[in-house]
Structure formats: structure tokens, C-alpha cells
Engineer: 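Dropping the structure in here first, questions after.
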Amino acid sequence: KLLRQAESLSSGEPDAKLAYALLLVRAIQLGDAQRQFEELKVQYPNLILAHQGSAYIQFRQGRHLSGLVALAEMIPLIPEPKPGQEPKQSDLDVLTWVGKLREFGATQTEGRDVPGLAQLDAAVKKRSPAMQKAYEAGRAAVRTQYEKYSSDIASSTDGLEESRLSMGQ
């Protein structure tokens, strides 16, 4: 009831539903949050935050493959800068975040042929060099952390420590 009242007061803007979806994520009611994000994606197809929220939940629920595809579908929505201008920092931040999730997804699907990875990489390759660089920076950050954990696990001589590190990975 409160959501409907807030939506009516928001004059057709997505703010009330978006805030509600984010609160549901915070409360770990991910199924309900996913439904809200999906409704937002239908009502406001260019609302990047709805696509981000939906992809995040898919990763959070261990659905990495569908999360990768969702990220690939989101990339074209990120606006390119006008000629002679630099991308907005917020857009670069989104690309860095996407790169991090992409690389995390790659670590979770190691050794398997994952079309979502190639689809996402191809979508990013169509973007400006600055956006590609932000994406690669996100990938590199996760790869570095993953390699550190893997090295720490491999060099551990204590089974308890190895288990602790494996859980942290």
C-alpha cells in the first residue's frame, strides 16, 4: 500500500519503486527485489540502475551465467560521450563494476565454455577506449585478488588456514 502511494506521488518517475527494490536487497529479500527490478526494466528500459540491480541479484544467487548475459545486455544502455568529451565518471564506474562482476563470473565458471563472457567482452569492445579501460581495470582488480588468494591457499601448510582462505575466496 505504501509503495502504491509513493508511486502515485512520484509523478511517473521510477524513484519510489527503485528505492523499494533497493530496500528489499538490503533486507535480503532477493526474489522480491528481482521482481521489482524486472518491472522497472519493462517500465523504464533505459534505467541502468534497474539492470544493475537485476544482474547483481543474479550473481548474488549464484546464477553467474544469466548475470553475465544481463550485464552484456546492459552495456549498450550506457551513454557514449559526445565527440571531444570524456565519459562521465559515473559511467566509467559502472564499467569498472561490470568488469569486476565479469571477472568474478569467470572465476566461478573456470574451464567451461561460457557464452556470456564472450557476449559481454564483445559488447564492451564496441565502446570508447576510456570505457574499455575502466572495464579492464575492474577485471584486473578481481584477477589480482583471486591470484593472491590462490597463491595464499597453495602456499598454506596449515589445513585450518587453507580452509579459511578458501572460504574467503
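When a residue number appears, it is its place in the shown sequence, counting from 1. Worth knowing before you read on, the calculation uses all heavy atoms, side chains too, and leaves out hydrogens, waters and symmetry mates.
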Engineer: Can you tell me if E103 uses its side chain to pair, donor with acceptor, with the backbone of R143 under 3.5 Å?
Structural biologist: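 No: the side chain of E103 does not pair with the backbone of R143.
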
Engineer: With a 3.5 Å distance limit and no angle check, can you tell me whether H51 reaches the backbone of P45 through a side-chain donor-acceptor pair?
Structural biologist: yes

Engineer: Sequence neighbours excluded, which residues qualify as side chain to side chain contact (heavy atoms under 4.5 Å, CB included) partners of P76?
Structural biologist: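 Per chain and number, P76 pairs via side chain to side chain contact (heavy atoms under 4.5 Å, CB included) with no residue.
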
Engineer: Report yes if some heavy atom in the side chain of L71 is under 4.5 Å from a heavy atom in the side chain of Q119; otherwise report no.
Structural biologist: no

Engineer: Does some side-chain heavy atom of Y135 sit less than 4.5 Å from a side-chain heavy atom of R102?
Structural biologist: yes

Engineer: If you define the side chain from C-beta out and look only at heavy atoms, does anything of D121 sit under 4.5 Å from R139?
Structural biologist: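 In short, these two side chains touch, coming nearer than 4.5 Å.
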
Engineer: Can you tell me how the ring of F59 sits relative to the ring of F104, calling it parallel under 30°, perpendicular over 60° and tilted otherwise?
Structural biologist: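 F59 vs F104 ring planes: tilted.
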
Engineer: Answer yes or no: is there a side-chain heavy-atom contact under 4.5 Å between E39 and K17?
Structural biologist: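 The answer is yes, as the side chains (C-beta and beyond) meet within the 4.5 Å cut-off.
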
Engineer: Using atom types as modelled and distance alone, determine if a side-chain donor or acceptor of T96 lies under 3.5 Å from a backbone N or O of A134.
Structural biologist: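 It does hold such a pair.
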
Engineer: If two hydrophobic side chains count as joined below 4.5 Å and joins carry through other members, does I75 share a cluster with L77?
Structural biologist: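 The answer is yes; both residues are in one hydrophobic cluster.
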
Engineer: side-chain contact (heavy atoms from CB on, under 4.5 Å) for V94 and M74? Distances and angles first, verdict last.
Structural biologist: CA-CA 10 Å; V94 170; M74 182 185 80; 3.8 Å; yes

Engineer: When you measure from the side chain of Q58 to the backbone of G67, do you find a donor-acceptor pair of N or O atoms at a distance under 3.5 Å?
Structural biologist: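 Such a contact is found between Q58 side chain and G67 backbone.
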
Engineer: Does any part of the side chain of P87, heavy atoms only, come nearer than 4.5 Å to the side chain of M131, both counted from C-beta?
Structural biologist: yes

Engineer: State, to 0.1 Å, how close G31 and Q61 come at their nearest heavy-atom pair, and which atoms those are.
Structural biologist: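 For G31 and Q61, the tightest heavy-atom pair comes out as N-NE2, 4.2 Å.
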
Engineer: Okay, side chain of Q36, backbone of L18: is any donor-acceptor separation there less than 3.5 Å?
Structural biologist: no

Engineer: Between CD of Q145 and OG1 of T107, what distance do you get to the nearest 0.5 Å?
Structural biologist: 11.5 Å

Engineer: Can a donor-acceptor pair be found between the side chains of D93 and Q89 at a distance below 3.5 Å?
Structural biologist: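 Yes, side-chain donor-acceptor contact under 3.5 Å.
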
Engineer: Write down the atom of H64, the atom of G105, and the distance for their closest heavy-atom approach.
Structural biologist: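 Between these two residues, the closest heavy atoms are CB-CA, 4.5 Å.
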
Engineer: Begin from the C-alpha positions of I28 and R60 and carry the test side-chain contact (heavy atoms from CB on, under 4.5 Å) through to its verdict.
Structural biologist: CA-CA 10 Å; I28 313 174; R60 182 86 188 265; 4.2 Å; yes

Engineer: Under a 3.5 Å cutoff, is there a donor and acceptor pairing between the side chains of Q34 and E38?
Structural biologist: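 Side chains of Q34 and E38: pair found under 3.5 Å.
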
Engineer: How far does CG of L24 sit from CZ of F37, to the nearest 0.5 angstrom?
Structural biologist: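 Atom-to-atom, L24:CG and F37:CZ are 8.5 Å apart.
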
Engineer: Between A33 and I57, which heavy-atom pair has the shortest distance, and what is it?
Structural biologist: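 Heavy atoms of A33 and I57 come nearest at CB-CD1, 3.6 Å.
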
Engineer: Hydrophobic clustering (ILVMFWY, side-chain heavy atoms < 4.5 Å, transitive) - are V69 and V124 grouped together?
Structural biologist: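 They do not share one cluster, since no chain of ILVMFWY contacts under 4.5 Å joins V124 to V69.
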
Engineer: Which residues pass the ring-ring contact (aromatic ring centres under 6.0 Å, His included) test with Y56, sequence neighbours left out?
Structural biologist: none

Engineer: Could you grab the distance from atom CZ of R63 to atom CG of L68, nearest 0.5 Å is fine?
Structural biologist: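 Between R63 CZ and L68 CG, I get 12.0 Å after rounding to 0.5 Å.
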
Engineer: Treating R127 as the side-chain partner and I78 as the backbone partner, does any N or O pair qualify as donor plus acceptor under 3.5 Å?
Structural biologist: yes

Engineer: Let me confirm one number: the NZ-CG distance from K41 to N46, rounded to the nearest 0.5 Å.
Structural biologist: 12.5 Å

Engineer: Which heavy-atom pair separates E80 from S128 by the least distance, and what is that distance?
Structural biologist: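 In terms of heavy atoms, the two residues are closest at OE2-N, 3.0 Å.
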
Engineer: Just verifying a value: how many Å separate L49 CG and L40 CG, rounded to the nearest 0.5 Å?
Structural biologist: 9.5 Å

